[in-house]
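Just below is one structure, and these are the notes that go with it.
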Protein chains: 2
Amino acid sequence: MARPDKRRDFDRLQPDARRAALIEATLRCLRREGRDGLSARRIGAEAGISIGLINHYFPSKDDLVAAAYETLAERQLAMLLEAAGDGDPVARLRGFIAAYFGPEILDRGVLRAWIVFWAMAFESEAVRAAHERSNGAFQAALRDLMADARGEPGEIPHLAGRATELSALLDGLWVEWCLAETPFAPDEGRAICDRWIDRFLASPITD
Amino acid sequence: MARPDKRRDFDRLQPDARRAALIEATLRCLRREGRDGLSARRIGAEAGISIGLINHYFPSKDDLVAAAYETLAERQLAMLLEAAGDGDPVARLRGFIAAYFGPEILDRGVLRAWIVFWAMAFESEAVRAAHERSNGAFQAALRDLMADARGEPGEIPHLAGRATELSALLDGLWVEWCLAETPFAPDEGRAICDRWIDRFLASPITD
DNA sequence: TTCCTTGTTGAACGACTGTACAATAGATAA
DNA sequence: TTATCTATTGTACAGTCGTTCAACAAGGAA
């Protein structure tokens, strides 16, 4: 007898699609549960697949986390650059910073995931490398925006230090906001950074 | 027959001393191994006691971590205030910041432990409360130093925002330094903050 | 249709986890 | 000395963990 209602036991996906789905499931678990969410069984359940499949795509947990880190970091940076728009340079810099205080980054779950990335950077070479790349890309983007905003070439060595400073200020406010019981208003954080930019634009090129 | 060489099976300490020893052992484990070090067995081994004793002093792991968090945070803040000295107000502020870029804080192990604190603040009410207290004390100290340095009353509401800003800058540089493969020189971080203070001191009181 | 590749399953393994708890022994008071 | 208190021990328990691997099945090729 035929089995017209035969239920397929599983969907067989293309490797790329399955990899992407596993990364997304990992990010959801990390946002929701932090390090506790980083378990093969939970990620498998979140992705709707069985335990063994994860190791078929990622030789170890570290590789999965590194891939998730890079995926999220690239997405966030792309979002910020998108929000910066293509107007005049100063507006781009300010737009970038304003978007940083939007709901996609100023989110407790996102920091919760990020903290796992930072923690694993101490243990896993793959995650450390992912951090190095992501952080480098972020600061490079910031440096270019800052150089344009002040109309100077981005290669000025001193500018890298200023970009590190602004990047640190952003990160610090981000951590502070996400961990505080009653955090400052997002607009307040944006205002702090806007005033920082005011001073940056007003200061001499050697500073 | 007497047993003159009878070996005592264990040293019985006063509760306070044992509590302190457990907290110190926890801090060493966290610095060395991060979250992996946060296991009753490892802490017990580090402290030279057996597993069960931990639960005798701390009803759960969260309480031990919260106590360790508060101990470390208080110690660090006390060290910074000590380093600030009792000279003129501006020198005190600069001394505080200079000490922040010293080996007791700018240390990968310390951040590694601190990341565990941040991670657990999402899961444990006790740790979150410890963070709230520690962070509040740190920013209050910073705000007072800044108020004195500019010769204005510390209750000025705007000053709290500036203290949050400097605190975020410090935290951000700390994280950046500890996680970077090849970090900037500590003096460079101190110089960034010193220039920040220059601008702070030069800016009008409403800013 | 039949064959083959490989995406997918799920049980199994040994190691580790936090906590509970009865038993032990050091210290102090009577 | 003896009794009492409690700091301390270490086993036990019920889980969860990451990873391995033989078996299964979906989909395309022949």
Side-chain angles (χ1 to χ4, degrees), chain A residues 2-23 25-26 29-30 32-68 116 119-120 123-127, chain B residues 2-23 25-26 29-30 33-68 116 119-120 123-124 126-127:
Chain A
R3 294 192 296 166
D5 61 344
K6 178 193 180 189
R7 202 101 64 75
R8 288 210 307 288
D9 287 355
F10 55 86
D11 285 331
R12 191 188 176 106
L13 293 193
Q14 296 295 329
D16 287 353
R18 184 63 79 192
R19 267 185 73 93
L22 283 175
I23 288 174
T26 302
C29 285
L30 285 176
R32 194 196 314 128
E33 308 177 78
R35 182 155 217 161
D36 288 345
L38 195 62
S39 122
R41 284 161 186 84
R42 288 184 209 213
I43 293 170
E46 177 72 28
I49 51 96
S50 75
I51 317 169
L53 194 54
I54 295 177
N55 278 94
H56 184 261
Y57 284 97
F58 299 94
S60 88
K61 205 176 57 166
D62 292 356
D63 300 292
L64 173 56
V65 175
V116 176
M120 291 195 63
E123 312 156 12
S124 155
E125 189 47 48
V127 177
Chain B
R3 294 192 297 165
D5 60 344
K6 179 192 181 190
R7 204 100 62 76
R8 288 210 308 289
D9 286 357
F10 54 85
D11 284 331
R12 191 188 176 108
L13 293 192
Q14 296 295 330
D16 287 353
R18 184 64 80 192
R19 267 185 74 94
L22 283 175
I23 288 174
T26 302
C29 286
L30 286 176
E33 308 178 77
R35 183 153 216 161
D36 288 345
L38 197 61
S39 122
R41 284 161 186 83
R42 289 186 208 213
I43 293 170
E46 177 71 28
I49 52 96
S50 75
I51 318 169
L53 193 55
I54 295 177
N55 278 94
H56 184 261
Y57 284 97
F58 298 94
S60 87
K61 204 176 57 165
D62 293 355
D63 299 291
L64 173 56
V65 175
V116 175
M120 291 195 63
E123 311 156 12
S124 156
V127 177

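All values derive from a computational prediction rather than experimental measurement. Quick note on labels: first sequence line is chain A, next is B, and so on, each numbered from 1.
Of the side-chain N and O atoms in A/R18, one or more sit less than 4.0 angstrom from OP1 or OP2 of C/dT8.
Distance check: B/L64 CG to B/K61 NZ gives 9.5 Å after rounding to the nearest 0.5 Å. Separation of atoms OG1 (B/T26) and CD1 (B/I54) is listed at 6.5 Å; rounding is to 0.5 Å. Atom CD1 in A/I49 sits 9.0 Å away from atom OH in A/Y57 (nearest 0.5 Å). Here CZ of B/R42 is found 4.5 Å from CD of B/E33. Values are rounded to the nearest 0.5 Å.
Remark: A/S50 pairs with no residue by the side-chain contact (heavy atoms from CB on, under 4.5 Å) rule, at least two apart or across chains. Residues forming a side-chain contact (heavy atoms from CB on, under 4.5 Å) with B/A25 (at least two apart in sequence, or on another chain): B/R28, B/I43, B/E46, B/A47. Considering only residues two or more places apart in sequence or on other chains, A/D63 meets the side-chain contact (heavy atoms from CB on, under 4.5 Å) condition with A/F58, A/P59, A/S60, A/A126.
Residue A/I54 is classed as having no contact, given no heavy-atom separation below 4.0 Å to the nucleic acid.
When the nearest nucleotides of DNA chain D are assigned to B/F10 and A/L53 by heavy-atom distance, the more 5′-ward of the two goes with B/F10.
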Applying the Watson-Crick and G-U criteria (both distances under 3.5 angstrom) with [ ] for crossing and | for other-strand pairs, one obtains for DNA chain C ||||||||||||||||||||||||||||||
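Of all non-hydrogen atoms in A/R18 and A/D11, the two that sit nearest each other are NH2-O, 2.8 Å. Considering every non-hydrogen atom in both B/V116 and B/G34, the closest pair reads CG2-C, 3.8 Å.
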Which atoms of nucleotides 17-20 of chain C (N or O only) lie under 3.5 Å from a protein N or O atom, and what are those distances?
unit_1: C/dT17; atom_1: OP1; unit_2: B/S39; atom_2: OG; d: 3.2
unit_1: C/dG18; atom_1: OP1; unit_2: B/L38; atom_2: O; d: 3.0
unit_1: C/dG18; atom_1: OP1; unit_2: B/K61; atom_2: NZ; d: 3.2
unit_1: C/dG18; atom_1: OP2; unit_2: B/A40; atom_2: N; d: 3.0
unit_1: C/dG18; atom_1: N7; unit_2: B/R41; atom_2: NH1; d: 2.9
unit_1: C/dG18; atom_1: O6; unit_2: B/R41; atom_2: NH2; d: 2.9
unit_1: C/dT19; atom_1: OP2; unit_2: B/K61; atom_2: N; d: 3.3

With B for base contact, S for sugar-phosphate-only contact and - for none (protein heavy atoms under 4.0 Å), nucleotides 1-6 of chain D reads -----B
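Counting to the nearest Å, the C1' atom of D/dC24 and the CD1 atom of A/I49 are 16 Å from each other. Rounded to whole angstrom, the span from the CD atom of A/Q14 across to the P atom of D/dA26 amounts to 16 Å. Following rounding to the nearest Å, B/L13 (CG) and D/dT9 (C1') show an atom-to-atom distance of 14 Å. A straight line from CG of A/L64 to P of D/dT19 spans 10 Å, rounded to a whole angstrom.
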